[in-house]
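A quick write-up on the structure given underneath.
For the single chain, residues carry numbers from 1 onward in sequence order. Heavy-atom basis, side chains included; hydrogens, waters and symmetry copies ignored.
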Amino acid sequence: MSQQMNITTSSLLTDFTAGDDNAFATLYDSHIIQLLNYGSYLTQDKELLKDCIHDIFIKIYNKRSELSSIDNFKSYLFISLKNRIFDEMRRQVFMSDTPVEEIIYACDSDNVENKYIQKEKCIIEKKMVANLISQLSPRQQEALTMYYLEGKKYDEICLLMNMNYQSVRNLMHRGILRLRELAI
């Protein structure tokens with residue numbers, strides 16, 4: 001699905017650089033929620049966040065001829081938003097009468113980036129596990145799912161699968177061995 005999203009974003013970027021304003025609107029609509037969520041980790045000031053997001057898209061609109069050099073549009077948006085928010089915060093601090101020591105920032109940028117990286121890792125790992133599990137037999141998938149995901153005990157699994165205790169143990173053992181083989 002992520003690859004499909006990249007293809008769609010790529011084609012929208014191509015259309016936009018060719019002059020299609022509807023493609024620009026679609027790019028905006030498809031990324032605004034993610035940018036708002038990400039930006040809310042960086043600042044509590046919702047108006048500042050909205051202004052920064054709009055500034056980024058205005059810049060993109062005005063520099064559409066340079067978009068062909070962007071490999072990952074989503075990463076470009078996140079980095080641009082982070083930089084824009086921090087630039088605006090620095091500008092506000094510089095123009096403020098409040099001492100820098102008294103200003104409380106919403107978060108540490110490393111923390112936000114680490115959360116984003118962890119979230120992406122988790123998504124990738126879930127896809128890998130799902131791919132590995134899909135290569136097991138249906139009975140192995142069923143038994144492992146009931147035991148590890150649903151938290152059922154062997155006795156319950158025996159009843160639900162209409163198998164004896166040792167057969168369930170053997171089935172799960174073979175499934176786990178197969179997962180180990182596939183993971184290597």
- Task: Using the test salt bridge (Lys or Arg N to Asp or Glu O under 4.0 Å), find all partners of Glu125 that sit at least two apart in sequence or belong to another chain.
- Result: none
- Is there a donor-acceptor pair under 3.5 Å between the side chain of His173 and the backbone N or O of Arg169? no
- Could you pull out all residues at least two apart from Asp87 that satisfy salt bridge (Lys or Arg N to Asp or Glu O under 4.0 Å)? Arg90
- Can you get from Tyr165 to Ile157 by hopping between Ile, Leu, Val, Met, Phe, Trp and Tyr side chains that sit under 4.5 Å apart? yes
- Taken in chain and number order and not counting sequence neighbours, the residues that satisfy ring-ring contact (aromatic ring centres under 6.0 Å, His included) with Tyr61 are Phe16, Phe24
- Task: Starting from the C-alpha separation in whole Å, work towards a yes-or-no answer on side chain to side chain contact (heavy atoms under 4.5 Å, CB included) for Leu77 and Ile60.
- Result: CA-CA 10 Å; Leu77 287 174; Ile60 289 170; 3.5 Å; yes
- Task: Check the hydrophobic clustering (I, L, V, M, F, W, Y; side-chain heavy atoms under 4.5 Å; chains of links allowed) and say if Leu182 and Met128 are grouped together.
- Result: no
- Could you state the interatomic distance from CG (Leu27) to CG (Leu12), rounded to the nearest 0.5 Å? 4.5 Å
- Does Ile79 belong to the same Ile/Leu/Val/Met/Phe/Trp/Tyr cluster as Leu13, with side-chain heavy atoms less than 4.5 Å apart forming each link? no
- Query: Do Thr9 and Lys74 come close enough that some side-chain heavy atom pair is under 4.5 Å?
  - Reply: no
- Do other residues, nucleotides or ligands put more than 12 heavy atoms under 6.0 Å from Asn164 CG? yes
- Listed by chain and number, what are the salt bridge (Lys or Arg N to Asp or Glu O under 4.0 Å) partners of Arg139, not counting sequence neighbours? Glu142
- Message: Holding to ring-ring contact (aromatic ring centres under 6.0 Å, His included), I want the full list of residues that pass it with Tyr147, two or more places apart in sequence or in another chain.
- Response: Tyr154
- Item | Pairing residues for Asp21 by the salt bridge (Lys or Arg N to Asp or Glu O under 4.0 Å) criterion, not counting sequence neighbours | Arg64
- Message: Assigning hydrophobic clusters by single linkage (Ile, Leu, Val, Met, Phe, Trp, Tyr; side-chain heavy-atom cutoff under 4.5 Å), is Leu36 placed with Phe78?
- Response: yes
- Query: In Å, rounded to the nearest 0.5 Å, how long is the span from CD of Glu150 to OG1 of Thr145?
  - Reply: 7.0 Å
- Considering only heavy atoms from C-beta outward, does the side chain of Leu81 approach that of Leu49 to under 4.5 Å? yes
- Task: Output the distance between atom CG (Leu149) and atom CG (Leu144), rounded to the nearest 0.5 Å.
- Result: 8.5 Å
- Message: Measuring only between side-chain heavy atoms, which start at C-beta, is Ile123 closer than 4.5 Å to Lys127?
- Response: yes
- Work out which heavy atom in Asn22 is nearest to a heavy atom in Asp20; give both atom names and the distance. N-OD1, 3.0 Å
- Task: Output the distance between atom CD1 (Ile56) and atom SG (Cys52), rounded to the nearest 0.5 Å.
- Result: 7.0 Å
- Message: If I take atom CG from residue Asp45 and atom CD from residue Glu88, how far apart are they, to the nearest 0.5 angstrom?
- Response: 9.0 Å
- Query: Taking all atoms of both residues into account, what is the closest heavy-atom pair of Met172 and Ala143, and its distance?
  - Reply: CG-CB, 3.8 Å
- Message: With heavy-atom distances below 4.5 Å as the criterion, would you say the side chains of Tyr38 and His31 are in contact?
- Response: no
- Output, in order, the C-alpha distance, side-chain angles, deciding distance and verdict of side chain to side chain contact (heavy atoms under 4.5 Å, CB included) for Met146 and Met161. CA-CA 10 Å; Met146 281 193 266; Met161 295 184 74; 3.3 Å; yes
- His54 and Tyr28: side chain to side chain contact (heavy atoms under 4.5 Å, CB included), yes or no, with the steps? CA-CA 9 Å; His54 290 132; Tyr28 178 87; 2.9 Å; yes
- Task: List the steps and the verdict of side chain to side chain contact (heavy atoms under 4.5 Å, CB included) for Ser80 and Asn83.
- Result: CA-CA 5 Å; Ser80 296; Asn83 291 339; 5.9 Å; no
- If you take all heavy atoms of Leu48 and Met89, which pair is closest and at what distance? CD2-CG, 4.4 Å
- Between atom OG1 of Thr43 and atom CD1 of Ile85, what is the distance when rounded to the nearest 0.5 Å? 6.0 Å
- Task: Check the hydrophobic clustering (I, L, V, M, F, W, Y; side-chain heavy atoms under 4.5 Å; chains of links allowed) and say if Tyr148 and Val168 are grouped together.
- Result: yes
